[in-house]
Each structure stands twice: as structure tokens, then as C-alpha cells.
Protein chains: 2
Amino acid sequence: MIKVELNPSDQYIEKAIEGYDVLEGREGAGNDFLGWLDLPEQTPSSLVGECEAIAQEWKDKGVQVVVVIGIGGSYLGAKAAIEALSHSFDSDINPQKTRVVFAGFNLSEEYHAELLEYLQGKSVACIVISKSGTTTEPAVAFRLIKKHIESIYSKEEAASRIVAITDKSRGALKTLADGEGYRTFVIPDNVGGRFSVLTPVGLLPIAVAGYDVRKMLLGASDMAKLCRERSAKNPAILYAAARNEQYAAGKKVEILVNYNPKLQYIGEWWKQLYGESEGKEGKGIFPAAVNFTTDLHSMGQYIQEGERMLFETVLSVKNTNKELLVESDEQNLDGLNFLAGKSLEHCNKMAELGTRLAHIDGGVPNMRIEIDRIDEYNIGELFFLFEKACGISAYILGVNPFDQPGVEAYKKNMFALLNKPGYEEASQKIRERLQ
Amino acid sequence: MIKVELNPSDQYIEKAIEGYDVLEGREGAGNDFLGWLDLPEQTPSSLVGECEAIAQEWKDKGVQVVVVIGIGGSYLGAKAAIEALSHSFDSDINPQKTRVVFAGFNLSEEYHAELLEYLQGKSVACIVISKSGTTTEPAVAFRLIKKHIESIYSKEEAASRIVAITDKSRGALKTLADGEGYRTFVIPDNVGGRFSVLTPVGLLPIAVAGYDVRKMLLGASDMAKLCRERSAKNPAILYAAARNEQYAAGKKVEILVNYNPKLQYIGEWWKQLYGESEGKEGKGIFPAAVNFTTDLHSMGQYIQEGERMLFETVLSVKNTNKELLVESDEQNLDGLNFLAGKSLEHCNKMAELGTRLAHIDGGVPNMRIEIDRIDEYNIGELFFLFEKACGISAYILGVNPFDQPGVEAYKKNMFALLNKPGYEEASQKIRERLQ
């Protein structure tokens with residue numbers, strides 16, 4: 001169960017309800033990308049079963065490493081969930097588990113060369129995620145991984161070790177998958193990348209990593225019900241209202257704060273969700289993320305006393321999954337015996353509370369979202385809450401939450417510089433510019 | 001060799017030279033914390049030798065894991081260097097290497113419980129870093145790790161496996177180390193945490209992780225010479241001038257950009273260095289960091305089209321340490337054969353150049369700092385360049401670069417909430433406030 005501590009004014013609650021109406025009415029900008037609204041409740045059990053079956057099949061076959069190829073929304077959701085749910089030293093503690101590693105989310109030569117070194121001698125499979133199959137980063141990585149897999153297995157066996165998640169009928173990856181006999185999953189037309197974690201884009205990698213995606217969908221589904229409420233009882237309305245009120249008051253940077261390092265990539269996922277949905281037309285809250293208490297000894301000084309353009313949203317975890325108490329010490333030279341027998345989490349919670357008060361005193365408004373614990377159910381709740389609030393929030397701001405026109409700009413230049421066929425004129429222009 | 005592409009105006013070069021004069025004159029605010037200026041050239045070879053000897057001794061002894069306990073500046077420098085220099089899949093590729101893991105940089109109960117699980121059955125040593133020995137996070141973690149080590153080794157052997165880096169004569173950790181017979185290294189009085197990576201705080205963990213700290217000091221030393229120039233030939237003057245000019249023009253957020261995931265923690269180290277040095281008195285550039293190209297599919301949209309309050313500093317790496325070419329593919333369904341035979345790094349560099357142009361066109365000024373490759377020498381250069389520029393930059397801004405008064409605010413509240421002896425009055429007040 002998620003608890004939200006946010007106190008937007010009635011005025012902003014009303015604005016958020018207007019945004020909610022646009023979203024629920026399905027007639028706002030980008031309304032052909034609203035499929036994610038229905039995923040928690042309408043994802044067929046059979047689809048989840050297919051993900052689970054592949055996870056089981058690869059496990060039974062002794063697959064040691066599954067390379068998940070994707071970038072942006074085809075990467076961050078699965079990465080966030082797996083990092084949150086895994087042991088901090090997972091590969092050492094659970095050496096028998098199928099390991100999920102990522103590729104194609106950058107163009108680093110060293111990273112991909114070292115990935116290939118790492119795969120040597122291992123039983124490998126691959127999930128390649130791309131709507132078109134032509135996005136440069138994943139396409140380049142898939143060429144490498146495909147060749148590697150085909151170099152160690154028969155054609156048939158190789159095909160059984162590659163799953164494509166792509167368009168239902170069109171595109172390079174779909175054509176390739178059909179030709180080679182890969183199993184495929186569909187990225188629905190009406191679900192954009194950053195809203196796709198509850199499609200097979202997220203579900204398959206998370207299932208392969210050994211986590212219970214049914215529980216995740218259940219959490220999302222329960223949250224979807226809560227987020228259907230047309231009032232201030234709806235946590236998505238509350239969050240959307242509160243953050244827009246801060247923005248209107250000149251707070252242009254929102255910092256998502258966690259006190260548990262496992263949530264670091266939830267912050268990265270959230271940054272994409274909000275940054276890409278809202279950062280357009282010269283508007284939008286700049287999303288940043290910190291990991292406390294470590295970053296209290298880094299960004300803490302700035303937050304406390306720097307430019308007063310910040311507000312924070314604290315993502316708190318009520319219960320821990322492990323227990324550990326502060327040790328007593330005979331000498332007590334560090335003077336910490338007053339904490340002996342207390343749980344580390346108690347100290348962590350007092351750090352959280354003390355920091356909130358200090359930051360509020362320093363002119364940094366604080367909001368708080370609390371999840372019960374880090375598990376599949378709660379992560380599912382969180383995913384959906386942030387997605388729903390994002391749609392509402394962008395409508396309050398007055399932008400289309402579901403496009404990303406600015407992402408094309410660097411690609412066009414890159415293709416021109418790389419002399420991609422079809423970009424001849426752009427190539428010539430950019431070379432002239434560079435001289 | 002570092003190359004900088006920055007074009008500040010003469011006016012800001014002059015301002016930066018004024019800042020340089022304050023720094024070099026050693027008479028500005030915080031001038032009792034300038035010891036870091038001399039570290040590259042004055043660190044005795046014997047001190048480096050002591051670090052190397054401990055690394056060798058533990059290696060010979062078969063130590064598998066060294067737990068480095070520290071927070072903020074006692075953590076980020078070593079973490080940044082080790083992440084930059086390590087193989088992307090280091091623990092798998094180099095299982096025989098002494099592994100460095102960190103602790104005491106947060107109060108997460110799960111993290112520390114799982115760290116203790118991970119240490120079970122392993123040969124363990126510990127480096128504990130704290131000026132006072134009473135900072136909550138590292139002190140709590142050290143109690144746990146000390147008990148663990150003492151539970152598996154004799155008193156004498158345990159003492160040989162713990163090294164304390166602390167004050168030269170005072171404090172809880174120094175007293176404990178002397179009593180227990182730990183070897184100690186000194187955190188100089190005149191070097192603050194975020195400027196301490198070239199003291200044993202950074203040198204010992206980096207040496208233990210298997211990297212050549214002499215080369216790192218050499219890089220820093222060569223950079224120190226370059227940064228002594230009192231002109232626009234000095235890259236620290238250039239960087240300090242350029243970023244302050246952006247800030248004065250309303251660009252309140254600086255994004256440090258890398259195109260190599262190994263530099264992620266260099267970004268985190270840089271955020272502490274600049275955020276903590278400049279974020280005070282309601283002023284300072286908000287430091288953020290992104291990893292491209294992955295974050296082009298996340299923060300890229302915002303950077304291209306969101307609030308126009310951003311500028312970027314691109315940290316580019318000229319040469320890669322590994323080679324990998326884009327594969328040719330018979331079917332060419334993804335249309336990428338125009339890249340076949342090109343290196344991934346070529347694509348990465350064109351992405352970088354294309355992105356710079358796109359962002360400049362979008363109203364995001366771009367600066368560029370290029371290092372030759374990722375190795376100890378270049379990381380050493382980079383550390384010193386950023387430190388020197390930071391001192392100059394904060395003096396241009398008109399703040400003391402070397403204090404961090406805002407970091408105390410959360411600690412006071414936390415101690416009050418935890419009923420620390422001596423905080424009785426504050427405890428009562430904060431409880432009244434919370435009611």
C-alpha cells in the first residue's frame with residue numbers, strides 16, 4: 001500500500017482533476033498512446049504465462065546469461081525493477097540464477113567489447129527489444145550478440161535462444177524474427193517506450209531475472225483502481241497537483257530522493273518518464289535524483305543552501321526485507337552506544353525525517369511517497385502511480401505527454417555525420433557547417 | 001593530455017584570473033584548506049609505497065574482499081577511479097583480483113545485511129576512512145565489519161586486516177587504531193573531504209583495487225603544472241570562466257555528459273565537488289550528470305526542448321582501450337550495413353558531435369573537455385583539473401569553496417531524533433514540532 005504525504009491547494013487539485021478528465025476522457029493530445037492505462041487490468045494471464053515459460057525454459061536449459069538489448073524505455077523499466085528486487089551482491093550470492101545483463105543502451109566500444117569477453121564460454125540467450133529494429137544502438141548491439149550466439153549454437157538452437165519484442169506486423173526486427181524463427185512478443189502500437197514496463201518489454205526480462213511479474217501486475221492493478229478516483233483521494237491527482245504547484249511557484253527542479261540504494265534505477269526510470277513527457281515547448285520540471293544518505297554528503301550542501309529553485313519528492317520504504325542492529329561496543333570511542341540494539345533502518349528513518357525538516361527549513365518543499373516494502377507488488381504499484389500522475393501532470397502543464405519530438409534532433413545529425421543512405425543532403429550541410 | 005574546447009569571453013577570463021589569484025595567493029576564504037594544491041607534486045614516494053605494500057601484502061595473503069568504509073569525499077573519489085578503470089564485468093573476468101566494495105556510505109539496513117552475507121566465507125580486510133571516527137554512517141558500518149573480522153581471525157590477524165585513514169593525532173578512530181594496533185594513514189588537516197582523492201583516502205583503495213596510483217599522481221602533477229599558468233592557456237581558468245559566464249547568463253543547471261558508462265561515477269564525484277563547494281548563500285550552479293547515448297533516450301528530450309536553463313560540459317574520451325567493429329549482415333534488414341567495418345567508437349563520436357550541434361541549436365551551450373583515454377594518468381589529470389577549476393570558480397562566485405555549513409542541518413535533526421546524548425534540548429524541541 002502506498003501512502004502519499006502531499007498537500008496541494010484546492011486550486012491545484014482542481015487543475016489536476018481537469019488533467020485527469022482529459023486523460024480519462026481519452027481525447028487529449030497524444031490520445032492514441034493510452035494503451036498503458038489498461039495494461040494492469042487487461043494483460044491476459046496467457047501473455048504472462050508465455051513470459052514465465054521462456055524464463056523456465058532457459059533456466060532448465062542452463063542459460064547463464066540473458067542479454068537484454070534495448071535503450072530508453074526498452075531498458076530502464078526492466079533495469080529499475082531488477083535492481084530494486086535483486087540482492088546487493090546478487091551474482092555472488094545467487095550464482096545459479098539466470099543473470100540479466102543489458103546491451104545496446106549506448107555506443108560504448110569498451111562496454112560491448114567487454115560484454116563479449118564476459119559471454120565467452122557461457123550459455124547465452126538474448127531478448128532484443130525495438131519497435132522498428134533500426135534504432136542505431138540496439139541494432140548495432142544485436143548484430144554483435146546475434147553473431148556471437150550463432151557462432152556457438154546450431155541455427156535452430158540459436159533461434160530458440162533469441163526472443164524479439166517488437167511491432168506486431170512491421171519493421172526490420174519483425175521481418176528478421178519471422179525469417180529466422182524467433183519467438184516474438186508485441187509492443188502495442190498504443191504504448192510508448194517510457195510507459196511500456198508492464199508490457200513484455202518489462203515483463204519478460206523481469207521474469208527471466210527470476211521475479212514474479214504476476215505480483216507486479218497485481219500491484220499495478222490495485223493502483224489503477226485507486227487512481228480511477230476523481231478526487232483528492234487519488235494519489236496520482238495529488239502528486240500531479242503538488243508538483244505543478246511547486247513548478248508554478250518557481251521550483252524548476254524536482255529531486256526524487258531515496259534512502260535505499262536499490263531504488264537508484266527507479267529514479268532513472270522516473271527521470272525518463274517525467275523528463276521526456278514534460279520537457280518540451282520550453283517548459284517542464286527538470287527531474288533529478290539522489291540517493292541519501294550518501295548524497296547528503298554530496299548534493300546535500302547544495303540542496304540545503306544553494307539556489308532556491310528545488311523541491312523534493314521522497315520515496316520512502318516503510319519496512320525492510322532484512323534485519324540488522326547497530327552493534328554495542330565496549331569502548332564506545334565513537335560514542336554510538338546510544339544506538340546499540342536499534343535497527344539500522346531506525347537510524348535511516350530518523351535521517352530521513354531530520355533531513356525533511358532541515359530541507360523544509362532551508363526553503364526546499366518536501367513531498368513524500370511511502371511504499372510498504374521493496375517487492376514486486378509495491379514496485380508495480382509505484383510504476384503505475386508515476387505513469388498515471390505523469391499523464392495528468394503533463395496535461396496540467398499543457399503539453400502532449402506522449403510524444404518526444406526533441407529526441408530526433410541528435411539522430412538526424414548523427415545519421416548525417418555517419419553518411420547514412422538517404423541523408424546525403426544533410427551530410428553535406430553538416431560538413432559545411434563544421435568547416 | 002587533456003584538450004579543452006571552451007570559449008569564455010575576455011571579461012570572464014579576467015574574472016577567472018582574479019579567482020586564480022585569490023586561490024594561488026592563498027589568502028581567500030577557506031585558505032586553511034589548500035593542502036590539495038600541493039598533493040600531486042609533494043606526495044612522498046614513500047607514502048605511495050606504503051599504500052602499494054599493503055595492497056601487495058593483502059594480495060599475497062589471499063584477501064578476496066576489501067571493504068572500504070567512508071561517505072562523501074571519503075568514498076566518491078576512490079569509487080569514481082575504480083569504476084572508470086575496471087572491466088565492465090570485472091568480478092567475473094578477473095575473479096582472482098582483490099575486490100573493493102564500499103560500506104558506510106548510507107544507512108540502508110538491507111545493503112549492510114546483504115554485505116555481511118556476501119562476506120561469509122571470504123577472506124576479508126577493511127579500510128575505514130573518517131577524520132573524526134564519529135560520523136554516523138561509517139561508524140555504524142565499521143562496528144559491523146570490525147565485529148565480523150574479529151569473529152573470524154585472531155586479534156592480531158584482525159588488526160593486520162584493518163587500516164584506518166584518519167586524523168593525525170586526534171579523534172575516536174585514531175584512538176581506537178592506536179589501541180588496537182591498526183596501521184593508519186593521515187587525512188591532512190588542510191585537505192577537505194571532496195578534495196582528498198589524491199591523499200591515502202583515494203590512493204589506498206585504488207591501489208588495493210589493483211591500479212597504478214603513481215601514474216595517477218603523475219597525471220595530476222602534469223595537470224598541476226599546466227594549471228599554474230596565469231592566462232587563458234590554463235584549462236582550469238578556462239573552465240571556471242566559461243561555466244560562470246553561463247551561470248551569469250541564467251543557465252543555472254550544468255550537465256556533465258559522458259559517452260562512456262565507466263565515467264558515471266566521475267560524474268558523481270564531480271557533482272559533490274562542485275555542488276558542495278558552490279551551493280551556498282542561495283547561489284551556485286546545480287550540477288547534474290548524464291550518461292549518453294543512453295540518456296539521450298531519457299533526459300534527451302528535456303535537454304533539447306525543456307526549460308532553457310541548462311548548459312552542458314561534455315567529457316569526451318579520445319581513444320578506446322578495446323576495439324570492436326560493427327558487423328556486416330547479409331540481409332541488412334536494419335539498414336546498418338553503411339556502418340559495417342566502422343568502429344563502434346566512430347558511431348559514438350558521431351553521436352557526440354551530432355548531439356552537441358543539436359543541443360547548441362536547441363539553446364543549450366556546450367563545452368567540451370577531452371581526455372586521451374581512460375587510464376590512471378588521465379583520471380589523475382581530470383581529478384586535478386576539476387579541483388583547481390572548482391577553487392577558482394567558487395571564488396568567482398564569491399563563496400568559500402572549502403566549507404559545507406549546510407551539511408550539518410540534517411545531522412543535528414537526526415541526532416535530536418535519535419536522542420543522542422548532548423542533544424536533549426534539541427530532542428525535546430523537535431518532538432514538540434512534530435506533534
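Chain letters run A, B, ... following the sequence lines, proteins first, then strands; residues in each count from 1.
Here the closest non-hydrogen pair linking E109(A) and L324(B) is OE2-N, 3.0 Å. Shortest non-hydrogen contact noted between L434(B) and L353(A) is CD1-CD2, 3.7 Å. When every heavy atom of N413(A) is checked against every heavy atom of A358(B), the shortest pair comes out as ND2-N, 3.3 Å. Scanning both residues, G284(B) and Y302(A), for their nearest heavy atoms gives O-OH, 2.6 Å. The nearest pair of heavy atoms linking F105(A) to T294(B) is O-CB, 2.7 Å. The two residues G133(A) and D334(B) make their nearest non-hydrogen contact at O-CB, 3.3 Å.
Contacts of I255(A) with chain B are made by side-chain atoms alone, with heavy-atom separations under 4.5 Å and no backbone atom involved. For a residue to count as touching a neighbouring chain, one of its non-hydrogen atoms must lie under 4.5 Å from one of that chain's; by this rule L273(A) does not touch chain B. Residue R194(A) does not touch chain B at all, counting heavy-atom pairs closer than 4.5 Å. Proximity to chain B is absent for every atom of N258(A), based on heavy atoms less than 4.5 angstrom apart. Both the backbone and the side chain of M350(A) come within contact range of chain B, judged by heavy atoms closer than 4.5 Å. Proximity to chain B (any heavy atom under 4.5 Å) is restricted, for A288(A), to the side chain, taken from C-beta onward. Heavy atoms of K411(A) lying under 4.5 Å from chain B belong exclusively to its side chain. Residue contact with chain B, scored on non-hydrogen atoms closer than 4.5 Å, involves the side chain of E137(A) exclusively. With a 4.5 Å cut-off on non-hydrogen atoms, F102(A) does not touch chain B at all. Contact of Q272(A) with chain B is made through backbone and side chain together, with heavy-atom distances under 4.5 Å. When heavy atoms are compared at a cutoff of 4.5 Å, S328(A) approaches chain B solely by way of its backbone atoms N, CA, C and O. For a residue to count as touching a neighbouring chain, one of its non-hydrogen atoms must lie under 4.5 Å from one of that chain's; by this rule I303(A) does not touch chain B.
Under the salt bridge (Lys or Arg N to Asp or Glu O under 4.0 Å) criterion, K122(B) pairs with D92(A), not counting sequence neighbours. With sequence neighbours excluded, the residues that form a salt bridge (Lys or Arg N to Asp or Glu O under 4.0 Å) with K262(B) are E110(A), E114(A).
Put simply, the side chain of H346(A) reaches to within 4.5 Å of the side chain of L418(B), judged on heavy atoms. Taking the side chain as every heavy atom from C-beta outward, K322(B) and E117(A) approach each other to under 4.5 Å.
Ranked by heavy-atom pairs under 4.5 Å with chain A, the list Y259(B), Y274(B), W269(B), F89(B) is led by F89(B). Of the residues considered (E281(B), H112(B), K252(B)), K252(B) shows the highest number of contacts with chain A, using heavy-atom pairs under 4.5 Å. The most heavy-atom pairs under 4.5 Å with chain A, out of G354(B), G179(B), G275(B), G306(B), come from G306(B). For chain A, the option among E307(B), Q404(B), E408(B), M414(B) with the highest count of heavy-atom pairs below 4.5 Å is E307(B). Your options are I93(B), L336(B), T355(B), and the one with the most heavy-atom pairs under 4.5 Å with chain A is L336(B).
The 12-atom threshold is exceeded at NZ of K283(A), counting heavy atoms of other residues, nucleotides or ligands nearer than 6.0 Å.
Looking at Q301(B), its side chain does come within 3.5 Å of a backbone N or O of G406(A) through a donor-acceptor pair.
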message: One pair to check against side chain to side chain contact (heavy atoms under 4.5 Å, CB included): N106(B) and N291(A). What are the steps and the verdict?
response: CA-CA 9 Å; N106(B) 60 48; N291(A) 309 305; over 6 Å; no

message: Set out, in order, the CA-CA distance, both residues' side-chain angles and the distance that settles side chain to side chain contact (heavy atoms under 4.5 Å, CB included) for K146(A) and E327(B), then state yes or no.
response: CA-CA 10 Å; K146(A) 178 173 181 279; E327(B) 297 289 338; over 6 Å; no

